[in-house]
Amino acid sequence: MKIVVPIKQVPETNNVKMDPVTGTMVRDGVEPIINPLDLYAIEEGVLLKERIGGEVRALSMGPKKAILAIKEAIAMGCDDGILLSDRAFAGADTWATSYVLSQAIKKIGDYDLIICGERATDGDTGQVGPGIATWLDIPFATYINKIVEIRENSLVVERMVEDGYEILEIETPCLLTVVKEINYPRLPSLRRKQLARQIEIPVWGPADIEADTKNLGLKGSPTRVVKISTPQVTRNGKLLTPKNENEIEAAVDQLIEFLQGKEII
Ligand SMILES: Cc1cc2nc3c(=O)[nH]c(=O)nc-3n(C[C@H](O)[C@H](O)[C@H](O)COP(=O)(O)OP(=O)(O)OC[C@H]3O[C@@H](n4cnc5c(N)ncnc54)[C@H](O)[C@@H]3O)c2cc1C
């Protein structure tokens, strides 16, 4: 099975800062890592290869330092990887990002399965996976927590939903986005780390993927960030400070009345 795993390099922080003028993320001075949820996508690709054979290729759109993310993916078991890096790609929204990734996958050509993370911890939209599948006009399924069966021209998968799970059969080639319940990502071995260091990672630009330049980067992104702000939390609460046992009971009664008034209980 030929598998492509799109991986995103993200800042290693939960404290992501936004540029209030451009509305884009401030990445300078923040250590980059593989999007933690993409480790599960890599692991699933490698597990499938170990189960039925084939090859797994990591693909990332980002700055030159995203080569490190691809090398880490190879150290985890991917066979090789491709970096999509060019000034023309910068500032892409999910629409333009998924366009570039889909053009690269078209160029790769021969694939059966694309596995994405559920979402990236910085952009956090979960749109890129379905976006890639839409550009490629292939079926996709999101929130997959188990690949149940591999059939000749399809996969049977388990999809997490709020109150349980669904079992779906999906024709290949297809795209899955996976959740962290699907597996336990392995740590790269020393041998594979050494191997990854020796592997040359090709860097592709717009011409390599025959991209329509009007779909690229900030200019090609239909999303407009109108305003960035931190939501204000307004609490018109009332503080109850009982001083003895009787007052505690009265305070509990008041609390119950308050919650009933709001139809919370
Ligand atoms: C106007 C504008 C400008 C922006 N400029 C930038 C920018 O310069 N740099 C930037 O990083 N973000 C930028 N963004 C945010 C951008 O939309 C997202 O970072 C990017 O498109 C991915 O979306 P996401 O993070 O929500 O990924 P999600 O959709 O949450 O990611 C889901 C999965 O898709 C795959 N994936 C996502 N992104 C990539 C990628 N780049 N390469 C390979 N696989 C990927 C991974 O498998 C990931 O787990 C910008 C957004 C807007 C609106």
Side-chain angles (χ1 to χ4, degrees), residues 2-10 18-19 21-27 32 34-35 38 41 45 55-70 73 78 80-120 122-142 170-177 200-226 228:
K2 296 208 165 137
I3 302 167
V4 179
V5 183
I7 56 171
K8 184 179 183 189
Q9 204 179 41
V10 298
M18 302 300 289
D19 183 324
V21 179
T22 61
T24 55
M25 208 168 287
V26 179
R27 286 158 196 280
I34 294 185
N35 173 38
D38 294 350
E55 55 192 50
V56 189
R57 181 164 285 157
L59 182 65
S60 191
M61 186 189 93
K64 290 272 156 49
K65 61 184 171 199
I67 276 191
L68 294 177
I70 294 174
C78 290
D80 57 25
I82 298 158
L83 175 66
L84 297 154
S85 194
D86 191 279
R87 287 179 75 87
F89 298 149
D93 66 0
T94 56
W95 192 85
T97 302
S98 49
Y99 171 71
V100 169
L101 292 166
S102 69
Q103 284 296 114
I105 294 169
K106 274 185 196 162
K107 174 159 179 189
I108 292 168
D110 192 12
Y111 64 92
D112 305 295
L113 177 63
I114 304 165
I115 312 178
C116 285
E118 174 203 337
R119 61 189 165 82
D122 56 353
D124 210 7
T125 64
Q127 292 175 356
V128 170
I132 296 171
T134 306
W135 282 110
L136 292 172
D137 201 16
I138 57 169
F140 69 89
T142 51
I170 183 164
E171 270 179 32
T172 51
C174 65
L175 182 144
L176 304 177
T177 78
E200 193 84 15
I201 308 297
V203 181
W204 289 354
D208 299 302
I209 56 171
E210 293 175 25
D212 184 338
T213 48
K214 72 174 187 315
N215 291 342
L216 303 180
L218 193 58
K219 278 196 193 143
S221 295
T223 314
R224 289 289 162 264
V225 181
V226 179
I228 298 268

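Annotation for Thr142 and Pro130: closest pair CG2-CG, 4.0 Å, computed over non-hydrogen atoms. Ile70 and Ala58 get closest at one heavy-atom pair: CG2-CB, 4.5 Å. In terms of heavy atoms, Val128 sits closest to Ser98 at O-CB, 3.7 Å. Contact between Ile138 and Ile114 at its shortest, heavy atoms only, is CD1-CD1, 3.9 Å. For the residue pair Phe89 and Trp204, the shortest heavy atom distance occurs at CE1-O, 3.7 Å. Residues Cys116 and Gly129 share a closest heavy-atom pair of SG-CA, 3.8 Å.
For the atom pair CG of Leu216 and OG1 of Thr97, the computed distance is 10.5 Å after rounding to the nearest 0.5 Å. Atom NZ of Lys8 and atom CD1 of Ile34 lie 13.5 Å apart (nearest 0.5 Å). One finds the CD atom of Glu55 at 9.5 Å from the CD1 atom of Ile3 (value rounded to the nearest 0.5 Å). Between the CG atom of Leu59 and the CG atom of Leu84 there is a distance of 5.0 Å, given to the nearest 0.5 Å. Between the CD atom in Gln127 and the CD1 atom in Ile132 there is a gap of 12.0 Å [rounded to 0.5 Å]. Expressed to the nearest 0.5 Å, how far CG of Leu101 lies from CE of Met61 amounts to 6.5 Å.
Between Asp112 and Lys2 there is no salt bridge, since none of the side-chain N atoms of the basic residue sits less than 4.0 Å from a carboxylate O of the acidic one.
For Asp137, the CG atom is loosely surrounded, since the number of other residues' heavy atoms within 6.0 Å does not exceed 12. Annotation for Lys106: atom NZ counts as buried by contact number, over 12 foreign heavy atoms lying within 6.0 Å.
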Val203 and Ile67: CA distance, side-chain angles, deciding distance, side-chain contact (heavy atoms from CB on, under 4.5 Å) verdict:
CA-CA 9 Å; Val203 181; Ile67 276 191; 4.2 Å; yes

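For the side-chain contact (heavy atoms from CB on, under 4.5 Å) with Ile209, the lone residue among Val100, Ile82, Asp86 that qualifies is Val100.
Of the possible donor and acceptor atoms, one in the side chain of Gln9 sits under 3.5 Å from a partner among the backbone N and O of Lys65. A donor-acceptor pair under 3.5 Å is formed between the side chain of Asp93 and the backbone N or O of Ala96. Remark: the backbone N or O of Val10 is not paired with any side-chain donor or acceptor of Asp122 at under 3.5 angstrom. In terms of modelled atom types and a separation under 3.5 Å, the side chain of Gln103 and the main chain of Glu210 share a donor-acceptor contact. A distance-only check finds no donor-acceptor pair linking the side chain of Thr177 to the backbone of Gly117 [under 3.5 Å]. Under the 3.5 Å distance criterion, the side-chain polar atoms of Tyr99 are left unmatched by any main-chain donor or acceptor of Ala211. A donor-acceptor pair under 3.5 Å links the side-chain atoms of Ser60 to the main chain of Ile7, judged by distance alone.
Counting heavy atoms from C-beta outward, Leu113 and Cys174 have side chains that approach closer than 4.5 Å.
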